[in-house]
Amino acid sequence: LCSNCRCGPGTCRRARACWTPAASSMSALTCAPLIRSYGAAPRPPKQKQRVVSLDAVRGLTVAVMIFVDETGGWLQGRVNHSPWDNVTFADFVMPFFLFMVGTSIPLALSKYSSGVLQKILSRTAKLFIIGLLTQGANFPSPGTWGFDLQTIRIPGILQRIAWAYLVLSLMAAYFPKFSGVFSRNARPDTSADQGAIASALRIFKLNMLHWIIPVTFFLIYVILMLGLHVPTYSYDVAVDDNTTLTVTVPCDTNGDLSPACSAARSVDNWLLGKKHLYDTPEFQRLPECSSCSPALCPNSYFDNPPRAPWCDATIDPEGALSSFPVLLTAMLGYHFGSILYNIKTHEGRVWQWLPFSVILFVLGVIVHFAGWKMNKQLWSPSYVFMMAGAAGMCLVLFYLLLDFTSWQPRWMRRGYTAFGRKWHLNDTLRPFVWVGMNTIFIYLMSPAGNLFESLQAYIWWGNPDNNLVGLVYDHGFCLDPTTDVPYGGLPGDYITCTGGIFDGHLEKWAFVAWTLLRIAIWFGVAGVLHYRRWYWAL
């Protein structure tokens, strides 16, 4: 135990002394500094405590995604995506995902000392391929097998997440940080007391090179959206099985932010092709394209007034050009993760996060009212800033409730007793944590990814229509299983539906309750997986 001697048998326990083979007497050297207590082994190093608020925000995002995907057809204009400008409840989901991807990167990469590039490329490929199979090809689609490579949708939710993860992770792994000198392992000086502004500037300076690529892509996006010339274009529309109509959209402009002549639509169609883009964009619910806006009731080119000529032009909500500012959304999340990784006190983290979140939110509102409206399909600058600020404030809220609990008043920490155990306020948020620890699995299998229900459609009794999904959607709520819209015509036309258990106006709210029940079921599944310590990480 000592540097130049060894402890004799039983000696250390009694006298904490050492003896040498050459000396018969006890040496004056002592082993006391190296022994915690008589006969006690050194304690193992303390494991890092998991920041469960990150999991909770991810879990909340998945829950909201399930709710808006399922009830959007019923609560049009309230929770469904905005047809074009402005935002609704559903428009918070995707930027929250991307923000949390960026926040997790500094913590995730710190665990790897080797093989970082292989891990980054492997995870990127898995995300992209899974997204291509589940969303790009709608696999498995009831009644059909295989993929039509001529029309497969290339962009998608997981594909966009893969793009942001790839760029941010490569920068985090290989770009040097600055703390007086440039180094990959540089850390900010947090030994002395610093004000909030000085500490924030140190984190920005630490990652100064990391901001270059996201900001560059953001500026390129702004330049192209405002400066790219969009010519007049024509395309064919199938009116019926035997009639094709050629429509012309007069553009010949630049800086147009409408769905007809935006640079994003032009770039997506030129780069990816119309057949590989989302075929039912949200702007088809605008009054110019739908007779029951904000719901989707396509009108005809032969109506009076006729359908607008640009209504069947395609723009993908996860398209190519709109993916440029996505990097800035993820980078803002990365900044929050860098604060989490480098600042070790709860108070320091909150005082960095909260003011920055408020600034971003206010900046987004200012840009919105200055003229560049919040638009999820274009991923506009006002949308970038406001959603990043909202995600940051949501993270602060969960952090205060789940991780930084010492600030809470006594009544919040006291808890209550039920079912033979002590419960606290933050225990009610644990289901979000469980889902957040298995995000990919719950996303794919739940109604958000729809894989589990799609697989059920291949198990039937006597007739392919007699399956569990059809039983619930067709006979329970009189829904068209392919569109989640009530039978009988327009969304909201509940009177003509007579074959379900729930008829009339009650049907809408019964389906909302059914959706909440399904969310609770998947919370339970996530809880069982957490109890069994089964986590699926890509």
At their closest point, which heavy atom of [X] faces which heavy atom of [Y], and how far apart are they?
| X | Y | value |
| --- | --- | --- |
| K119 | Y165 | O-OH, 4.5 Å |
| L158 | L127 | CB-O, 3.5 Å |
| G156 | E318 | O-CG, 3.5 Å |
| C311 | Q284 | O-NE2, 3.1 Å |
| A164 | A330 | CB-CB, 4.0 Å |
| G348 | T345 | N-OG1, 3.1 Å |

To the nearest 0.5 Å, what is the distance between [atom1] ([X]) and [atom2] ([Y])?
| X | Y | atom1 | atom2 | result |
| --- | --- | --- | --- | --- |
| L328 | W379 | CG | CH2 | 11.0 Å |
| I105 | S169 | CD1 | OG | 3.5 Å |
| T329 | F96 | OG1 | CZ | 11.5 Å |
| S322 | N375 | OG | CG | 9.5 Å |
| F385 | S380 | CZ | OG | 10.0 Å |
| L166 | W163 | CG | CH2 | 7.5 Å |

ask   = Is V68 close to F92 at the side-chain level, that is, under 4.5 Å between some pair of heavy atoms?
value =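 SC-SC contact between F92 and V68 ruled out.
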Sub-3.5 Å donor-acceptor pair from the side chain of [X] to the main-chain atoms of [Y], do we have one?
| X | Y | result |
| --- | --- | --- |
| Q377 | P317 | no |
| R160 | G319 | yes |
| S110 | L107 | yes |
| S104 | V101 | no |
| S382 | V367 | no |

message = Check this for me: does any side-chain nitrogen of one of D316 and R265 sit under 4.0 Å from a carboxylate oxygen of the other?
response =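 Salt bridge: no.
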ask   = More than 12 heavy atoms of other residues, nucleotides or ligands under 6.0 Å from CZ of F369: is that the case?
value =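 No.
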Less than 6.0 Å separating the ring centroids of [X] and [Y]?
| X | Y | result |
| --- | --- | --- |
| F356 | H335 | yes |
| F99 | F336 | yes |
| F217 | W211 | no |

Is it the case that [X] and [Y] place a side-chain donor and acceptor less than 3.5 Å from each other?
| X | Y | value |
| --- | --- | --- |
| R153 | Y278 | no |
| S82 | D91 | no |
| Y399 | H346 | yes |

request  = Just say parallel, tilted or perpendicular for the rings of W372 and Y221, cut-offs at 30° and 60°.
outcome  =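 The rings of W372 and Y221 lie parallel, inter-plane angle below 30°.
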ask   = Can you say whether the rings of H530 and W434 are parallel (under 30°), tilted (30 to 60°) or perpendicular (over 60°)?
value =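 Ring orientation, 0 to 90° scale: parallel.
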task = Please test R518 against I66 for side-chain contact (heavy atoms from CB on, under 4.5 Å), starting from the C-alpha separation and ending with a verdict.
result = CA-CA 9 Å; R518 295 160 76 194; I66 297 173; 5.7 Å; no
query = Do S290 and R285 pass the side chain to side chain donor-acceptor pair (under 3.5 Å) test, and can you show the C-alpha distance, the side-chain angles, and the key distance before you say yes or no?
reply = CA-CA 5 Å; S290 174; R285 295 189 288 111; over 6 Å; no
